[in-house]
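Scroll down for the structure; my scribbles are underneath it.
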There are 2 protein chains.
Amino acid sequence: MITIKDVARNSGVSIKTVSRVVNNQAEVSPETRQKVQQTISQLGYQPNMTARNLVIGQSNTVGVIIPNSADYVFLHPFFNEVLRGIAEVLSENHFNLLLHLAHDDAPYARLYSQRKVDGLILMSIPIGDPNIQGLEESGAPCVCTCRISETNNSTNWVDADFAGGVEQAMEHLISLGHRRIALLAGTMNLVSVRLRVLGYQNALRKHGLPVEDGYILEGEFTSESGHVLAAKAMKHPNPPSALICGDDMMAFGAIQALKELGYGVPEDVSVIGFDDISLARFSSPPLTTIRQDTYQKGRMAAESLLAFMRDKHNAPPQQILLDTFLITRNSSAPAKN
Amino acid sequence: MITIKDVARNSGVSIKTVSRVVNNQAEVSPETRQKVQQTISQLGYQPNMTARNLVIGQSNTVGVIIPNSADYVFLHPFFNEVLRGIAEVLSENHFNLLLHLAHDDAPYARLYSQRKVDGLILMSIPIGDPNIQGLEESGAPCVCTCRISETNNSTNWVDADFAGGVEQAMEHLISLGHRRIALLAGTMNLVSVRLRVLGYQNALRKHGLPVEDGYILEGEFTSESGHVLAAKAMKHPNPPSALICGDDMMAFGAIQALKELGYGVPEDVSVIGFDDISLARFSSPPLTTIRQDTYQKGRMAAESLLAFMRDKHNAPPQQILLDTFLITRNSSAPAKN
DNA sequence: TAAATTGATGACAACGTTGTCATTAATATG
DNA sequence: CATATTAATGACAACGTTGTCATCAATTTA
């Protein structure tokens, strides 16, 4: 391995001068600079970042935490769009991206305490995650792509407007004449899911509609879960004429279940998804859904973290709410009666 | 920041002894060990991995390279399954995962030269990638989830059996009576695509069928491309009765195009995909496709790399071919005539 | 002309670990 | 009992950088 010493010896200067050239610092004469640069490319020298990081006391790396206990998060189609947004921003800012699966037994705060990363982006952390406390104690700069609790405003977070999105879907359905609308929600230990419920309730209240018992069904963000919950919803004594699903995967499963039960979509039952993943328009019928800009979400999360890291003392926690958009396709139609 | 010195001072031993305790080395008396461990948890000491890595001369990190010039690779649904496989194996082996988008101007060999990673996993690198040479010169341990060239056997790689998979699909279609089968391939600068073509040609030859001009269409792994190519295929003077697509996304686009042109799928035209992504069974009709175990592919790639890194000198390059499986759903049916 | 300032450079410590080797005390061996 | 061996520990160098400060020559200022 070629080190800075080799370069120094070969170009007849001190290691400090080589360091100055490598880091593009001013106080080097043009001749010396050129001589050193020539030696560097001749020897193929590359600075050892580990040594550099040790001295400057940071790693130029950001950790991205993904819960692996809930497999669907990692495998969910929206996940790589967020990740891509994050990766691009980090790359533009010459930061590395350390991808880390959260297990229960490996507290991710260690990534910071052990100086592997300078900050963390947390994706879809469930409420009550035991690692959160250790994380706060460690003092790691941190941004969540979800709120950690509904009321929390001491953390940085970037969220889609889940409540607003569901409200949009409700407005759409209500304007089509639907009055019996069920919500196939995700796991209630996610704030994003609780916010969907909030939006659902807000819309009902606004239009003076009753909150029917058994119209809010809890499940997971998978097609299987959507399948199960849709079947369950239709067994309700007063079955709904429309379903709003926690995400598009659930919606796909729900549509399949409805078809199996002999319901036409959207003739008998309207179905609305959430996310607008790239396949939403290939389902049958093409899916009406609430679009969230997941790529942008990733970019914002990374930018917010970098800004916070640069200016830890003065920066107040940033809380960013991203707009959602109703994409009307063919899975929603006027209510029958 | 608490360092090893603080722990040493607080427990009245030398830093070397603390180091021994931290690294669970044998030659420490039980009493000393306990005393030190107590101080560690009392002070909340976490070793600085940067310093450690500097001394031991490795980073315990593996880089995963994803080309970002071809966006579809990153955004492709199969990608996170591979990544998850990789991430799990690395995590099990206490390695970190550095995710890196390949741009043209940032040669990824530097990740190794600069000691940021101990080895690399390359995903879907196109033929003629200018970074490959620098990578070989750097001597970085390396595994590709694709072959870099058809004939290359000096690199480690893990591949699905693309040729065999397409051959399976061909056998299936031929047994259903199809004789006019087109291949909607991906970009020809990927070895995996060339291997698909190879499988296609093998099957034709085996059954004494002619290679019809204009039946192999080049495109991208996107639904848009599938849409365009399917339309193009059906304009052929002797239009095909079946389409084999480079991946499921293309198949979704192709099915949509066929429907728009008034063809029934599978009554008029059979369509077969590749990958069996989780949504393949939600398309309409549910998609017949060649399944590849992408999660396993990720695991194998990571395991192969770790094995190679442990034993760089003796280990010959590993070349692993993973089986594919035909999943028969409803998008393929007997030929009409 | 002498003193002060500037520019270019290098010697050396520091970052927080681990590796090497020496030292000491306790134990085993002849 | 004297010597050899083992176990436990620590002093110090090393890893490859950057930061601090000193040095020296060249220039500017008074």
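Every chain is numbered from 1 and lettered A, B, ... according to where its sequence line falls, protein lines coming before strand lines.
- For the pair A:Asn48 CG and D:dC15 P, the interatomic distance rounds to 12 Å; values are reported in whole Å.
- Protein atom CZ of A:Arg9 is 13 Å distant from nucleotide atom P of C:dA11, rounded to whole Å.
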Enumerate, atom names and distances included, each donor-acceptor pair closer than 3.5 Å involving a side-chain atom of residues 42-57 of chain A, sequence neighbours excluded.
| from | atom 1 | to | atom 2 | distance (Å) |
| --- | --- | --- | --- | --- |
| A:Gln46 | OE1 | B:Gln114 | NE2 | 3.1 |
| A:Asn48 | OD1 | A:Thr50 | N | 2.8 |
| A:Asn48 | OD1 | A:Ala51 | N | 3.1 |
| A:Arg52 | NH2 | A:Asn23 | OD1 | 3.2 |
| A:Asn53 | ND2 | A:Met49 | O | 3.1 |

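- Here the nucleotide nearest the side chain of B:Pro47, chosen from C:dT17, C:dT9, D:dC15, is C:dT17.
- For A:Ile132, the side-chain contact (heavy atoms from CB on, under 4.5 Å) test picks out A:Tyr108, A:Leu122, A:Ile125, A:Asp129, A:Glu136, A:Ile148, with sequence neighbours left out.
- Looking at heavy-atom distances under 4.0 Å, A:Thr32 makes contact with sugar-phosphate atoms alone, never a base.
- Here the side chain of A:Ala51 is nearest to one of D:dG16, C:dG16, D:dT18, namely D:dG16.
- The separation between B:Leu54 atom CG and D:dT18 atom P is 12 Å, rounded to whole Å.
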Produce the list of close N/O pairs, under 3.5 Å, pairing protein atoms with atoms of nucleotides 12-14 of chain C; give distances to one decimal.
none

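- The side-chain contact (heavy atoms from CB on, under 4.5 Å) search around A:Arg33 returns A:Val21, A:Asn24, A:Val28, A:Gln37, not counting sequence neighbours.
- Helix bend of the helix from C:dT1-D:dA30 to C:dG30-D:dC1: the angle between its two end axes, each built from five pairs, comes to 50° after rounding to 10°.
- For A:Ser192, the side-chain contact (heavy atoms from CB on, under 4.5 Å) partners are A:Phe162, A:Leu190, A:Arg196, not counting sequence neighbours.
- Both tests hold for A:Arg115 against A:Tyr112: distance to the six-membered ring centre under 6.0 Å, angle to the ring axis within 45°.
- In this structure, A:Thr187 contributes its side chain and A:Asn189 its backbone to no donor-acceptor pair below 3.5 Å.
- Map B:Arg33 and A:Gln25 each onto its nearest nucleotide of DNA chain D; the residue landing nearer the 5' end is B:Arg33.
- Using a distance-only test at 3.5 Å, with no hydrogens or angles considered, a donor-acceptor pair links the side chain of A:Thr3 to the main chain of A:Lys5.
- Annotation: salt bridge (charged side-chain N to carboxylate O under 4.0 Å, His left out) contacts involving residues 34-49 of chain B, sequence neighbours excluded, are absent.
- Among the heavy atoms of the strands lying under 4.0 Å from A:Arg20 is at least one base atom, whether or not backbone atoms are also near.
- Following rounding to the nearest Å, B:Asn60 (CG) and C:dT18 (C1') show an atom-to-atom distance of 14 Å.
- In summary, the side chains of B:Asp118 and B:Ser59 do present a donor paired with an acceptor at a separation below 3.5 Å, with no hydrogens or angles considered.
- Distance, A:Lys5 NZ to C:dA11 C1': 13 Å, rounded to whole Å.
- Among the heavy atoms of the strands lying under 4.0 Å from B:Asn23 are primed sugar atoms or P, OP1, OP2 only; no base atom is included.
- In this structure, B:Arg52 places its CZ atom 9 Å from C1' of C:dT17, rounding to the nearest Å.
- The side chain of A:Ser19 contributes no N or O atom lying less than 4.0 Å from OP1 or OP2 of D:dT17.
- In this structure, the side-chain hydrogen bond (donor to acceptor under 3.5 Å, both in side chains) partners of A:Asp159, at least two apart in sequence or on a different chain, are A:Arg147.
- When the C1' atom of C:dC15 is taken as reference, atom CD1 of B:Ile4 falls 13 Å away, rounded to whole Å.
- Between A:Ser29 and C:dT9 there is a side-chain polar atom (N or O) within less than 4.0 angstrom of OP1 or OP2.
- The distance from atom CG of A:Asn53 to atom P of D:dG19 is 12 Å, rounded to the nearest whole Å.
- Contact annotation for B:Val13: backbone-only contact, meaning every heavy-atom pair under 4.0 Å involves sugar-phosphate atoms and none involves a base.
- Residues passing the side-chain hydrogen bond (donor to acceptor under 3.5 Å, both in side chains) test with A:Gln133, sequence neighbours excluded: A:Glu137.
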If you restrict it to nitrogen or oxygen atoms, what contacts under 3.5 Å exist between nucleotides 22-24 of chain C and the protein, and what is each distance?
none

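- Screening residues 292-303 of chain B for salt bridge (charged side-chain N to carboxylate O under 4.0 Å, His left out), with sequence neighbours left out, gives B:Glu88-B:Arg299, B:Glu92-B:Arg299, B:Arg299-B:Glu303.
- One finds no side-chain N or O of B:Ser14 lying less than 4.0 angstrom from the OP1 or OP2 phosphate oxygen of D:dA11.
- For the side-chain hydrogen bond (donor to acceptor under 3.5 Å, both in side chains) test, no residue two or more places apart in sequence or in another chain qualifies with A:Gln296.
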